[in-house]
2 protein chains.
Amino acid sequence: MIDLLSQMRFATKPQLFQALSEESLGVLLGHSFLQDVPANKLLLQQGDTASHLYLIAEGSLRTFRVDKEGREATIRMLQAGNTCMEAVMFMGGPSPINVQAVTPSRILFIPEKAVKAQVLADSQFATNLLRIVAHHYKNAMHQIDAMNIKSPVQRIGYYFLTRHIEAGHDHLDFELPFQKQQISNYLGITPETFSRALKQMKDLGIDVDNQTIKLRDAFSLCHFCDPDTAAMCPKQGSAGCTACKNS
Amino acid sequence: MIDLLSQMRFATKPQLFQALSEESLGVLLGHSFLQDVPANKLLLQQGDTASHLYLIAEGSLRTFRVDKEGREATIRMLQAGNTCMEAVMFMGGPSPINVQAVTPSRILFIPEKAVKAQVLADSQFATNLLRIVAHHYKNAMHQIDAMNIKSPVQRIGYYFLTRHIEAGHDHLDFELPFQKQQISNYLGITPETFSRALKQMKDLGIDVDNQTIKLRDAFSLCHFCDPDTAAMCPKQGSAGCTACKNS
DNA sequence: CGGAGGGTTGAGATTCATCAACGCGTGTGG
DNA sequence: CCACACGCGTTGATGAATCTCAACCCTCCG
């Protein structure tokens, strides 16, 4: 049971398990199991019912929707420590999304029944789930307004900014977590447009060499900041950030 | 306290209060209050902290984001019985959205503290919130793939379809719940494009006269159906629906 | 009667997707 | 060890689609 956890080496504790009691954790993991999946494996398709919650131990997944013409719209890109299907379980009805491994991955499968039972039994777990789903929803909001009103350069800039803040914000260089074509689909643009936009961003002090992003200075990305993203920024309100000064 | 509820005449019980005990309901309503707000009133802005959950007793609201150039992206359009800010309260940090009355409205304000306390105290309430936020997230997913891969006609068609299913699906005529310019912004297109798309839809048996939509037959909208939307459809799998037959 | 707001229609400009070709690095098999 | 194919990314030319700007109609209301 509990040694399932020790098999997974997380840098930081997954949000799903935050502040849970040993007991609660035990119940959740009681019927769970780890499984290795190869790249491109479809874990679940639109229309299936969500039988398990997926927690990524290693690797990366994406969730996406497909239409009749076969075009795909990426909803999320997820890495180790992230979870998915928590929201779908509470939507009622079949899954609106596909889930696919983008790299070879090791996934923890937690049965739907265990999740739903534990929501009723442990209010801390319920709160964790609420926070996680709310967080997904917030990201979705950003995606929506990005696709409505932002140019490709702005979308990419905002994407880089959030990655930079997540990465700790302390280096001028950081890595793209996924392939460019995956990212461009997530942002709702073609790889070609993505590539062309990157060239434009050099003038703004943002240089992309292969998978690494190189910033001219720590505030190169401030240009793309939002009021509500600024609140997450360790440098918020500091003198160098032109964007923060305005707000 | 409880007679706050009697002041509000809901057609169906709001999802927020579904299956709650009298006691739990009393705690929630204990510190709540009703307030009338005029059309166009901003209840809350991006960057504010969410102090209350809003439940619409009468009227309609919209939530949206604005960028520096002043362009607006509508996230949700809500009517009587709907709630908002439940998700924002669990996001941490300031609100990523503005909330505005689109018509003169009567709103029930439920304090944030009461909500968070009740989530810990009442697992039924926590489940309700999870379901609501998951439902918002599902809608957001649909918005995302609509803006990624669907043409204006398809977006509008899907919007009409969901309204039709919500409306009970039993009439060939039904009303648009909002102004066309509000709907077009919600769908991420301009009013002009919206208007032009409506003309194209006449060929598909969908006629819009002012605020009322007139369908040639009960299956005119099936063309725009998704696998996961079909599951909500009372007519699913029936002979007349070409879309359902495929799946 | 006149103004304001919502909605429609038309012409033009812009932007992004599409299609096609090519460079480059990697892995594989001869 | 080399040749080749493959996947990813880039670049260029083209076209289609939507946004923008502008004018107009209609209804509602003072």
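Naming convention: chains lettered A, B, ... in sequence-line order (proteins, then strands); numbering from 1 in each chain.
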Of the listed D:dG9, C:dA17, C:dG7, the closest approach to the A:I189 side chain comes from C:dA17
Between A:E192 and B:V208, name the one whose nearest nucleotide on DNA chain C is closer to the 5' end. B:V208
How close or far is atom C1' of C:dA17 from atom CZ of A:R155, stated in whole angstroms? 12 Å
Take the protein atom CZ of A:R71 and the nucleotide atom P of C:dT18, then report the distance between them rounded to whole Å. 7 Å
I need the CE-C1' distance between A:M201 and D:dT10, as an integer number of Å. 17 Å
Rounding to an integer number of Å, can you tell me how far A:Q181 CD sits from D:dT10 C1'? 13 Å
Residues B:D173 and B:T212: side-chain donor-acceptor under 3.5 angstrom: no
Please confirm whether the shortest side-chain N or O distance from B:T190 to OP1 or OP2 of D:dT18 is below 4.0 Å. no
Check the orientation of A:F33 and A:F109. Use parallel for under 30°, tilted for 30 to 60°, and perpendicular for over 60°. parallel
Nearest-angstrom distance from the residue atom NZ of B:K199 to C1' of C:dT9: 6 Å
Can you label the angle between the B:H142 ring and the B:Y158 ring as parallel, tilted or perpendicular, going by 30° and 60°? parallel
Whole angstrom is fine here: how far is it from CG in A:N210 over to P in D:dC8? 14 Å
Side-chain N or O of B:T193 versus OP1/OP2 of D:dC19: is the shortest distance under 4.0 Å? yes
Kindly say whether, by distance alone, the side chain of B:R196 makes a donor-acceptor pair under 3.5 Å with the base of C:dG7? no
Rounded to whole Å, the CG-C1' distance (B:L198 to C:dT8) equals 11 Å
Rounded distance in Å - CD (B:Q179) to C1' (C:dA4): 13 Å
Do other residues, nucleotides or ligands put more than 12 heavy atoms under 6.0 Å from B:K180 NZ? yes
